[in-house]
Every structure is written in structure tokens, then in C-alpha cells.
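For reference, the structure is listed below as C-alpha cells.
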Amino acid sequence: MSSVKLSFTPAPVHVRTARLVGVAVARRAGVPEELLDEVRLAIGEACARAVALHRQYGLTDLVLVEMSDGPAYTVRVIDRAPIEAGLGLAALPPDELADESLTDEALTVGVGFALLAGFVEDLQVRPVDEGIGTEVRMAWPLGR
Amino acid sequence: MDLSLTTRTIGEHTVLEVGGEVDVYTAPRLRERLVELIDGGARAIVVDLGRVDFLDSTGLGVLVGALKRLRPVGGTFGLICDKEPLLKIFRITALDQVFPIYPTLEAATSADSSGTDA
């Protein structure tokens, strides 16, 4: 098993870097080519969510991304925001998506979660083992 | 690839061609351009996603925001997209039930209504 760790200042500009690294490591690990678009999107969503939470709470802590290949390609995106914010994820029904009362932030969070849930079969969102924060854990099968 | 935005007019339609990556970093520029267009009087907007390589939830939120801005002024808002990976994003989020999505520019600009009440 090998692993790559990346941590970045919670700024939107770095999310693209995390996506690029995540896909490069996935390709090297042997994730099938047809899944790489989904890997890219899911890592982007998880990192964007972490950045948004850090900014919402004024946290300067780094967002951590850990990628490892073992029996599967596993990516963990770890934020340091209060648990209740991190776990407050819910998909939105279609008739509420364009509702006037829905804020842009709520819409983006709901849509982001729908994308994560839709593209990642093996998805877990749970409190970090130590300290404050949430871990989004995603795994994809290897093709080899 | 960075975001590119090009605007042109076809009949009564304002077509915004978007290229590159629309994500949490670049989406604010797309939002600004759409707000400029709407504030400048555009009422039939079509966003061409044909050259978009990546679209995330922030970008989707910007598109929904434009749709909501156009509604009270009686405008229409449609998308052009024929790429399966992007279409899958719209299906998974159920936003394919919110936006009229056309396969070609011709289909989008010849539609009677872009259906803001979709």
C-alpha cells in the first residue's frame, strides 16, 4: 500500500490542485479510466465543502486530503469545522432546487451532497477520530 | 484549464459560451457575467456548456441563481449540453428537471420558450 498526503490553506484556488493530485494518484493506483471523471468530481466536491466550512467558521486550519491504495483507492478529506455543521448534509428534492427561499449556499451544499452520494458508491461522512472535524471517506475499486 | 466566457447575440437570445473549468474558484466570475447580462437587459439567456471540462456544485448553484434572477422579470434561461458526463451531473442532482437542456445551439435558439417555469 502507498499513500499521498496533501494539505492546503482553505482557499477555493487550491481545490483544483487537490483534484489534479487526487486523479493523478488514482490513475497511478489503477483506478479504471472510466471512473476518473467521477473521482475528480467527488474529490472536488469534498474539498470545496471543507473549504466552505472552514471559511464559514473563520478557521485557518489546513484542509487535509489523504489518498491511499490498498484493496481499493481511498481518499479521505478532513476538515476541522464543528461536527454539527459537517454532518448537516441533505440532498434536495427537485421541486425545492429552484425555490426562491432557498439560499445559494444551501443549494450548493445540497447539490454537492447529491453529487457525492451519486458518484461515490462507497462513501462515509463521520466525525474525525481525534479533535474537532469531519472526515469524508470515499473509495473506488482498482482495475488490476 | 481556466474559465473562458464569450457572449454573442443570436436573434433575441443572448448566448454565453463557457469553456474550461467551472468550480468553487472560477464560478464567481460566471456569476458576475450572468448578473451583468441580466442587469444589462438580457431576457433570453442561453448558456452553452459545450466547451466545459468540469462543472461542480458551485457552478450549478450559479446557473440556478441566474434562472431565479430571470424569473421575476419574465425572462427565459436555457442550457446547451450534449456531453454525457455533464448530463449525468444534471440527472443526479435532479437539475435536469429544473433547466431546459438543449443538445444544440439551433435547438436552444429556436425554442419558443426556454421555460423558466420548468
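Model, not experiment: these values are computed from the prediction. In what follows, chains are A, B, ... by sequence order, proteins preceding strands, each numbered from 1.
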Can you get from [X] to [Y] by hopping between Ile, Leu, Val, Met, Phe, Trp and Tyr side chains that sit under 4.5 Å apart?
{"X": "V63(A)", "Y": "I78(A)", "value": "no"}
{"X": "V46(B)", "Y": "I10(B)", "value": "yes"}
{"X": "L116(A)", "Y": "V31(A)", "value": "yes"}
{"X": "W140(A)", "Y": "V25(A)", "value": "yes"}

Exercise. Against chain B, label V15(A) side chain, backbone, both or neither, depending on which of its atoms sit under 4.5 Å from a heavy atom there.
Key: side chain
Quiz item: Where on E38(A) is there a heavy atom nearer than 4.5 Å to chain B: the side chain, the backbone, both, or neither?
Solution: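 Only the side chain of E38(A) comes within 4.5 Å of chain B.
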Please determine whether the number of non-hydrogen atoms from other residues, nucleotides or ligands lying under 6.0 Å from atom [atom1] of [X] exceeds 12.
{"X": "R69(B)", "atom1": "CZ", "result": "no"}
{"X": "I132(A)", "atom1": "CD1", "result": "no"}
{"X": "E121(A)", "atom1": "CD", "result": "no"}
{"X": "F119(A)", "atom1": "CZ", "result": "yes"}

Self-check item: chain A contacts, top residue of T58(B), L55(B), I89(B) (heavy-atom pairs, under 4.5 Å)
Solution: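 Ranked by contacts with chain A, first place is I89(B).
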Distance from [X] atom [atom1] to [Y] atom [atom2], nearest 0.5 Å?
{"X": "L20(A)", "Y": "E21(B)", "atom1": "CG", "atom2": "CD", "value": "6.5 Å"}
{"X": "L60(B)", "Y": "T108(A)", "atom1": "CG", "atom2": "OG1", "value": "8.5 Å"}
{"X": "D56(B)", "Y": "R40(A)", "atom1": "CG", "atom2": "CZ", "value": "10.5 Å"}
{"X": "D37(A)", "Y": "K88(B)", "atom1": "CG", "atom2": "NZ", "value": "9.5 Å"}

Quiz item: Relative to F54(B), does R19(A) satisfy both conditions: NZ or CZ under 6.0 angstrom from the six-membered ring centre, and within 45 degrees of the ring's axis?
Solution: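 Yes, R19(A) lies over the aromatic ring of F54(B).
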Which atom names give the shortest non-hydrogen contact between [X] and [Y], and what distance separates them?
{"X": "R16(A)", "Y": "D23(B)", "result": "CB-OD2, 4.1 Å"}
{"X": "L107(A)", "Y": "G61(B)", "result": "CD2-CA, 3.4 Å"}
{"X": "V111(A)", "Y": "S57(B)", "result": "CG1-CB, 3.8 Å"}

Exercise. For side chain to side chain contact (heavy atoms under 4.5 Å, CB included), just list the numbers for L115(A) and I92(B), CA-CA rounded to whole Å, side-chain angles, deciding distance to a tenth of an Å, and then say yes or no.
Key: CA-CA 7 Å; L115(A) 288 175; I92(B) 281 178; 4.3 Å; yes
